[in-house]
Asks: 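Sharing a structure with you now.
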Amino acid sequence: MSSSTRRRRYLRTAIGLAAVLVLSVVGAGAWFYHRLDSNITTFDAGGVATERPPAPVPATPGASVPVNVLLLGSDTRDDGNNALGGGDEGVGHSDTAIVLHIYADHKHAVGVSIPRDTLVTIPSCRLPSGAWTTARNDQMFNSAFSVGDAAKGNPACTQNTVEKLTGLRIDHTVVVDFKGAAAMADAVGGVEACVPNDVNEYGIHLKKGLQKLSGQSAVDYLRTRHGIGDNSDVGRMKRQQAFLSSMIKKVQSQGFSLPTLLPLADAATKSLTVDEGLGTAMKLVDFARSVQDIKLSDVTFVTAPWRFAGERIRLVQPDADALWTLLREDRTLDGQSTAGTGQVTASPTATAGADTPLTPEQAAAPITVVNGVGSAGLAGSGAETLKARGFRNITLGTNDPGHQVTRIAYDPALKATADQVVALFPGAKAVEEPGSEGVTVTLGADYRAAGTRIDAVSSPSPAPGTTTGATPGAAPGTPAGGIPTGIAENTRNADTDPCANLTFG
């Protein structure tokens, strides 16, 4: 078996990192900071793209805003990692990526795992020589980390790829290697994990059942794919999510005592490569303090909605776009606000003109409202929203069920009018359609009429013909709570039983 084949079999895990960032360096004495500073490695910000999604804008001066952290696992065999991961030293790869979205209230978080085999566009990325590559379509997601063949990978290229894919601005990127995963599990005295079956393949030996793992056994559990569960990379990601949840729980249960925090912080920082914004212990402490109130029950993990495409994976649409939209708008997976004090600018036009008086031409522009879900009265509700804003030329179109995300199509000549309409429907996707007549608003499952509470959408008694568990007014395939099926079936709460749902099938 070639070294590249062996390498592809290994997990490049980011497990334990979120726990460290949120908990471990909080309370560390100043006398320890210098030691932690010497442990941390930073990557060059010069490789981050210049054209990026917009940064969140505070609702008021000094208000908190959402934070997006990209957690990457590296399989580099350099610097002693080959003893844990096996294989030869060489180019670093990353088969593990979690986008951790910390809501503006800094009391809730969602971690989104992106399958390594997902076919995506790899944008222009900087090589070690300083030259930039050309963008490439339909590339495996994990190939971004190896652009330039650097021993420790190319975190900036993966960050650029995630921003291109999601439309989220990544505030921080953190990479952890094999040694970091092992050392952090050791530092907390082991992490409770569930092995679905005995494993005796590729030099990995694990016993079935719930058990405490540390050191080499923790790395083996996290990196193995064949011979465990359903042998899939998606199943492996779910085990990673369960392990990370258990580690966070363990750290929280041990509290903020220095005997607990200092060994964990020391172990973690020795194996971290971070962006310059987190490049010192003090910066890590400031960040950790800002999110230390997040409870385990308020952390959710999601695998980006996916489907097989031959031997590769493609994201399921429109569910994946709905997921990115929810995070860009800082809304929970069922569309609710977490009552944070920040405001997200999802696109330059998303909030443009919300308070600007309509011109006579805009008020008279033809607007068609389409019910893209199928529930009674939805288009009429959208029309009332437009009328309240001052639009006068509104008609209701033919129902077109099946839309998860609200879509606003317009001729480029009506862009100023469309900007005004977009501002009324947060999270809507604006699409230019040259030659179209006026503006067409197709209301998706993400739309809620003004004053409607998400938790009040379901009724105790299902209407005739309604499938049990479905949300009245939701698109077919949308379960209770208004969460698209592709998101709901790939979701795992952090406080879930560690043995529950460890495979995708």
Side-chain angles (χ1 to χ4, degrees), residues 1-16 72-78 80-98 113-118 140-143 145-146 176-186 190-247 303 306 308 310-313 492 497-505:
M1 186 186 302
S2 69
S3 62
S4 62
T5 300
R6 290 195 302 270
R7 182 178 294 112
R8 286 194 298 269
R9 297 186 185 280
Y10 297 149
L11 168 66
R12 292 69 172 165
T13 178
I15 299 306
L72 299 173
S74 170
D75 76 341
T76 179
R77 298 323 199 254
D78 285 354
N81 279 284
N82 58 325
L84 285 168
D88 303 324
E89 295 186 8
V91 177
H93 295 73
S94 177
D95 281 356
T96 300
I98 298 176
S113 295
I114 301 175
R116 66 167 195 172
D117 292 341
T118 304
M140 281 179 56
F141 173 74
N142 71 338
S143 66
F145 193 78
S146 58
V176 64
D177 59 24
F178 285 142
K179 289 194 306 180
M184 284 185 280
D186 284 343
V191 175
E192 191 175 65
C194 194
V195 182
N197 55 267
D198 290 341
V199 183
N200 291 289
E201 293 192 37
Y202 302 105
I204 294 176
H205 306 286
L206 295 170
K207 291 294 184 180
K208 178 181 178 179
L210 186 64
Q211 57 203 277
K212 187 181 293 184
L213 301 179
S214 60
Q216 181 72 59
S217 64
V219 173
D220 288 345
Y221 177 79
L222 294 168
R223 72 182 176 90
T224 189
R225 177 163 61 94
H226 295 286
I228 185 170
D230 53 23
N231 301 304
S232 75
D233 185 56
V234 173
R236 179 170 63 179
M237 285 190 298
K238 292 196 174 185
R239 292 191 295 275
Q240 296 167 15
Q241 294 168 356
F243 189 93
L244 178 53
S245 298
S246 292
M247 176 169 276
T303 301
W306 64 279
F308 283 118
E311 295 182 352
R312 301 292 178 244
I313 283 175
R492 180 189 190 91
D497 182 335
C499 290
N501 190 26
L502 291 185
T503 64
F504 74 80

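For clarity, every value in this text was computed on a predicted model and none was experimentally measured. Note that these values count all heavy atoms, side chains included, but never hydrogens, waters or copies made by symmetry.
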Asks: Carefully, step by step, assess Ile204 and Arg223 under the rule side-chain contact (heavy atoms from CB on, under 4.5 Å).
Replies: CA-CA 10 Å; Ile204 294 176; Arg223 72 182 176 90; 3.6 Å; yes
Asks: Would Thr224 and Glu201 count as a side-chain contact (heavy atoms from CB on, under 4.5 Å) here? Give the steps.
Replies: CA-CA 9 Å; Thr224 189; Glu201 293 192 37; over 6 Å; no
Asks: Would you check if the side chain of Arg492 reaches a backbone N or O of Ala500 as a donor-acceptor pair within less than 3.5 Å?
Replies: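 Checked: pair present.
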Asks: What is the minimum heavy-atom distance between Ala242 and Pro498, and which atoms define it?
Replies: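 Closest heavy-atom pair between Ala242 and Pro498: CB-O, 4.1 Å.
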Asks: What are the two closest non-hydrogen atoms of Leu206 and Ser217, and how far apart are they?
Replies: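 Looks like CD2-O, 4.0 Å.
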Asks: Taking all non-hydrogen atoms of both residues, which atom of Pro115 and which atom of Thr303 are closest, and how far apart?
Replies: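 Shortest heavy-atom contact: CG-CG2, 4.2 Å.
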Asks: Does Asn197 use its side chain to pair, donor to acceptor, with the backbone of Lys208 at less than 3.5 Å?
Replies: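 It does not hold such a pair.
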Asks: Only one of Ile313, Asp95, Ile114, Asp117 forms a side chain to side chain contact (heavy atoms under 4.5 Å, CB included) with Phe141, so which one is it?
Replies: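 Only one option passes, and that is Ile114.
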Asks: Out of curiosity, Gln241 CD to Arg236 CZ, how far, rounded to the nearest 0.5 Å?
Replies: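 It comes to 12.5 Å.
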Asks: Roughly how far, to the nearest 0.5 Å, is CG of Leu213 from NZ of Lys207?
Replies: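 It is 13.5 Å, given to the nearest 0.5 Å.
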Asks: Given 3.5 Å as the limit, does a donor-acceptor pair link the side chain of Ser246 with the main chain of Glu192, or not?
Replies: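 Answer holds: yes.
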Asks: Will you find, in the side chains of Gln240 and Ser113, an N or O donor that is under 3.5 Å from an N or O acceptor?
Replies: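 Checked: Gln240/Ser113 side chains show no N/O donor-acceptor pair below 3.5 Å.
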Asks: Would you give the length of the straight line joining atom CD1 of Ile228 to atom CG of Asp198, rounded to the nearest 0.5 angstrom?
Replies: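 Rounded to the nearest 0.5 Å, the CD1-CG separation comes out at 10.0 Å.
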Asks: Of all the heavy-atom pairs spanning Asp186 and Gly215, show the shortest one and how long it is.
Replies: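 Shortest heavy-atom separation between Asp186 and Gly215 comes out as OD1-N, 2.9 Å.
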Asks: Only counting residues at least two apart or in another chain, list the ones meeting side-chain contact (heavy atoms from CB on, under 4.5 Å) with Ala183.
Replies: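 With sequence neighbours excluded, Ala183 shows a side-chain contact (heavy atoms from CB on, under 4.5 Å) to Ala267, given in chain and number order.
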Asks: For Met247 and Phe243: C-alpha separation, side-chain torsions, deciding distance, then whether side-chain contact (heavy atoms from CB on, under 4.5 Å) applies.
Replies: CA-CA 6 Å; Met247 176 169 276; Phe243 189 93; 4.3 Å; yes
Asks: For Gly73, is there any backbone N or O sitting under 3.5 Å from a side-chain donor or acceptor partner on Ser94?
Replies: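 Yes, because the side chain of Ser94 sits within donor-acceptor range (under 3.5 Å) of the backbone of Gly73.
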Asks: I would like to know whether Thr118 and Trp306 meet side-chain contact (heavy atoms from CB on, under 4.5 Å); could you show each step before the answer?
Replies: CA-CA 8 Å; Thr118 304; Trp306 64 279; 5.8 Å; no
Asks: Between the main-chain N or O of Cys194 and the side-chain N or O of Tyr221, is there a donor-acceptor pair closer than 3.5 Å?
Replies: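 Between the backbone of Cys194 and the side chain of Tyr221 there is a qualifying donor-acceptor contact (under 3.5 Å).
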